[in-house]
Amino acid sequence: MIIIGIDTSCDDTCIAVLEARNKKIKILSNIISSQTNLHTKYGGVYPFLAKREHQKNLPIVLKKALKKAKNPKIDLIGITVGPGLEPCLWTGVNFAKDLSDTLVKPLIPVNHIEAHILANFVGKSQISNLKSQIFPAVCLVVSGGHTQLILMRGIGKYKLIGETRDDAAGECLDKVARILGLGYPGGPVIAALAAMKLKVKNEKLKINLPRPMMYTKDYDFSFSGLKTAVLYKVQSEKRKIKSEKYIQEMCREVQQAVIDVLIHKTLRAAKDYKVKSIILGGGVAANDELRKQLQERIKKEIPNTKYLIPDTKYCTDNAVMIAITALFNKKKATKNWKKIRVDANLKI
Ligand code: KG4
Ligand code: ZN
């Protein structure tokens, strides 16, 4: 079976082609047309600008993805219907509907959050054999749009147990990068600068930021206060902001504050729900320090718990994760695809 995945939920136009045969999944192509340069200018994503780019890019990206996959016969089309930016989602959905119509093949609506979780199963051939070892699991999905803790009892069986009450973790990093004049997206550049600082410790420059909601009894998060704390510090220390070392130290501390809260709440959820595994997903899951520190803490505190992280290239938005989610949901294939609608606030 050949599956096409399409994602236009934010600022990347993504199309991938997968082949599923004898329970083995092969990636035939994975094309991402990034609008980063366009949005760097503004320090964030403007939905209507992003929508226009998707409209322009979709036919080109499809052609590339099909060519790279050697133009196979398509059986199934997976399309992200939410959550995401509404105008961008509609552009992708309308494009996918046309494609479904032209190829006379079923369309599967995909939840972007579920896709970030299932990105963990790309490249794992015998998922059915793994099920008894993995579930129940606690999933931490951290991206530019979301920060959620989800209890997963199997594929398709999710319960949201906590989420951010304001900004997402990635959004916080993006906003801090804007405050520091580092461009967009903020996560990768903050990670790179933080890694430099880790090598050159300078006690005089030490910055302490809050760890919002770290010890509250729920599984919720809040990151907007962290960004405001950075803003106040920077405003009160105008002179030092010019120093490269000050920026590196700020990046290290803000990244560590985010990581501390994410790890603390994830481990508590894992212990409370006595899960067999912890699953990470979303753009911020590409962060090396988060990946490493979470692994160390699991090893120390709950060593019998499995730890699943996607390959870094499947953490940030991509359509391989959309195609694999469509495959897992192929029973949702509907002849009524014309009725598929987007939901910008779609829940898992
Ligand atoms: O999943 P994603 O590509 O898009 C959404 O669904 O939101 O996530 C993008 C987010 C951005 O906020 C970006 O700054 C962050 O992921 N990000 C990172 C890293 N790479 C991307 N954050 C921290 N460290 C990284 N290496
Ligand atoms: Zn995403």
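Index from 1, following the sequence. Values below: all heavy atoms of this structure, side chains included; hydrogens, waters and symmetry mates excluded. The structure presented is a predicted model; accordingly, all values stated were derived computationally and were not measured. Atoms within each ligand, like the ligands themselves, are counted from 1 in listed order.
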* Atoms in ligand 1 flagged as close to Ala286, the criterion being non-hydrogen separation under 4.0 Å -> 26 (N)
* Atoms of ligand 1 less than 4.0 Å from His116 heavy atoms? -> 1 (O), 6 (O)
* Please report which non-hydrogen protein atom sits nearest to atom 17 (N) of ligand 1, along with the residue it belongs to and the distance in Å to one decimal place. => Gly283 O, 3.6 Å
* Asked: Looking at Thr164 and Ser222, what are the two nearest heavy atoms and their distance?
  -> OG1-CA, 4.0 Å
* Going by the atom numbers of ligand 1, which of them fall below 4.0 Å from some non-hydrogen atom of Gly186? -> 14 (O)
* **Carboxylate-amine/guanidinium contact Asp288 Lys292, below 4.0 Å** => no
* From Leu85, Asp317, Val142 - option closest to atom 2 (P) of ligand 1 by heavy atom -> Asp317
* To do: Give me the ring orientation class for Phe121 and Phe135: parallel if the planes are under 30° apart, tilted from 30 to 60°, perpendicular past 60°.
  => tilted
* **Candidates Val81, Thr80, Leu346 - the one meeting side-chain contact (heavy atoms from CB on, under 4.5 Å) with Leu89** => Thr80
* To do: Check whether any side-chain N or O of Asp220 sits under 3.5 Å from a backbone N or O of Gly162 as a donor-acceptor pair, and report yes or no.
  => no
* Structure fact -> Nearest heavy-atom approach of Thr316 to His116 is C-CE1, 4.4 Å
* Structure fact -> In this structure, atom 9 (C) of ligand 1 is nearest to the protein heavy atom Gly144 N, 3.7 Å
* Structure fact -> re atom 22 (N) of ligand 1, the protein heavy-atom contact at minimum distance is Gly187 CA, 3.3 Å
* So which heavy atom on Leu66 is nearest to which on Ile74, and how close? -> CD2-CD1, 4.0 Å
* To do: Please identify which atoms of ligand 1 are closer than 4.0 Å to at least one heavy atom of His112.
  => 6 (O)
* Spell out, yes or no, whether Met196 and Leu173 are grouped together once hydrophobic residues are joined by side-chain heavy atoms under 4.5 Å, including indirect joins. => yes
* For the Zn ion (ligand 2), how many protein N, O or S atoms come closer than 2.8 Å? -> 3
* **Close-contact set for ligand 1 against Gly170 heavy atoms, below 4.0 Å** => 12 (O)
* Over all heavy atoms of both residues, which pair between Asp166 and Glu171 is shortest? Give the atoms and the distance, please. => O-OE1, 4.4 Å
* Asked: Do Tyr215 and Ile161 share a hydrophobic cluster, counting only Ile, Leu, Val, Met, Phe, Trp and Tyr and linking them when any side-chain heavy atoms are less than 4.5 Å apart?
  -> yes
* Asked: Is there side-chain contact between Leu182 and Cys251, with at least one heavy-atom pair below 4.5 Å?
  -> yes
* To do: Mark up the atoms of ligand 1 that fall under 4.0 Å of a heavy atom belonging to Gly145, in ascending order.
  => 7 (O)
* Can you pull out the closest protein heavy atom to atom 24 (N) of ligand 1? Residue, atom name and distance to 0.1 Å, please. => Asn287 ND2, 3.0 Å
* In Å, rounded to the nearest 0.5 Å, how long is the span from CD1 of Ile278 to NZ of Lys306? -> 13.0 Å
* Which of the numbered atoms in ligand 1 are below 4.0 angstrom from a heavy atom of Thr316? -> 3 (O), 21 (C)
* Using the side-chain hydrogen bond (donor to acceptor under 3.5 Å, both in side chains) rule, pick out the option among Glu289, Glu296, Arg297 that qualifies with Gln293. => Glu289
* To do: Quick one: look up the protein heavy atom nearest atom 11 (C) of ligand 1 and list residue, atom name and how far away it is.
  => Asp174 OD2, 3.6 Å
* Between His146 and ligand 1, which part of the residue brings a heavy atom under 4.0 Å of the ligand: side chain, backbone, both or neither? -> neither
